[in-house]
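What you see is a predicted model, and the numbers here were worked out from it, not measured in a lab. Note: hydrogens, waters and symmetry copies are ignored here, and every other heavy atom, side chains too, is used.
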Amino acid sequence: AKMMEQLDDELEDIANTQTLLDCAVVASRFYEEELISLEELEEDNGEHYPSFKDFDVETFRDNEGAIFSIMDYSLYLRK
């Protein structure tokens, strides 16, 4: 719950947080046929993925579980 509160606080300052990028990475793991490694995103420095210029893998790993939980696992395909 504390992690979710932190994410909520970060979203209030959207210009200075990577939370939306983290959400995009979580979603891409479900739907992209060719996955991009987290290290590739971090090392790219905005060359191929401009939005991910300041992407930090450790921050993503800290946020990943909370994001998935907040999304209520709704990324799973349903029949």
Side-chain angles (χ1 to χ4, degrees):
K2 185 176 182 179
M3 186 77 162
M4 287 188 227
E5 289 177 25
Q6 285 178 303
L7 286 176
D8 185 52
D9 290 343
E10 287 180 15
L11 286 173
E12 290 177 9
D13 187 18
I14 203 67
N16 297 311
T17 183
Q18 78 172 37
T19 304
L20 289 180
L21 295 176
D22 293 345
C23 291
V25 173
V26 168
S28 76
R29 290 182 168 187
F30 282 85
Y31 297 109
E32 294 295 328
E33 291 182 18
E34 186 176 318
L35 295 179
I36 299 166
S37 75
L38 297 176
E39 290 74 23
E40 183 180 350
L41 287 175
E42 185 174 50
E43 294 169 1
D44 181 66
N45 290 323
E47 187 176 321
H48 295 99
Y49 309 101
S51 296
F52 289 85
K53 183 177 182 190
D54 297 318
F55 185 76
D56 180 64
V57 171
E58 290 305 314
T59 300
F60 171 77
R61 288 187 176 133
D62 289 344
N63 293 339
E64 183 179 21
I67 290 168
F68 198 52
S69 178
I70 289 168
M71 297 173 86
D72 196 27
Y73 307 95
S74 63
L75 291 172
Y76 283 119
L77 297 175
R78 298 178 186 177
K79 293 182 178 185

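- Leu35 and Phe68 end up in different hydrophobic clusters when Ile, Leu, Val, Met, Phe, Trp and Tyr side chains are linked at under 4.5 Å.
- Ion pairing between Glu39 and Arg61 holds under the 4.0 Å rule for side-chain N and carboxylate O.
- Using a 4.5 Å cut-off on side-chain heavy atoms (C-beta onward), Phe60 and Val26 make contact.
- Thr19 and Ile67 make their closest contact through O-CD1, 4.2 Å (heavy atoms, listed as atom of the first residue, atom of the second, distance).
- In this structure, the side chains of Ile36 and Ser28 stay at 4.5 Å or more apart for every pair of heavy atoms.
- In this structure, the separation between NZ on Lys53 and CD on Glu47 is 11.5 Å, given to the nearest 0.5 Å.
- A distance-only check finds no donor-acceptor pair linking the side chain of Glu64 to the backbone of Asp22 [under 3.5 Å].
- Atoms CD and CZ, on Gln18 and Phe55 in that order, are 5.0 Å from each other to the nearest 0.5 Å.
- Within the model, atoms CG of Leu41 and CG of Asp56 stand 11.5 Å from one another, a figure rounded to the nearest 0.5 Å.
- Using a distance-only test at 3.5 Å, with no hydrogens or angles considered, a donor-acceptor pair links the side chain of Glu42 to the main chain of Val57.
- Taking OG from Ser37 and CG from Asp44, the interatomic distance works out to 10.0 Å, rounded to the nearest 0.5 Å.
- Considering CG of Leu38 and CD of Glu43, their distance stands at 11.0 Å, rounded to 0.5 Å.
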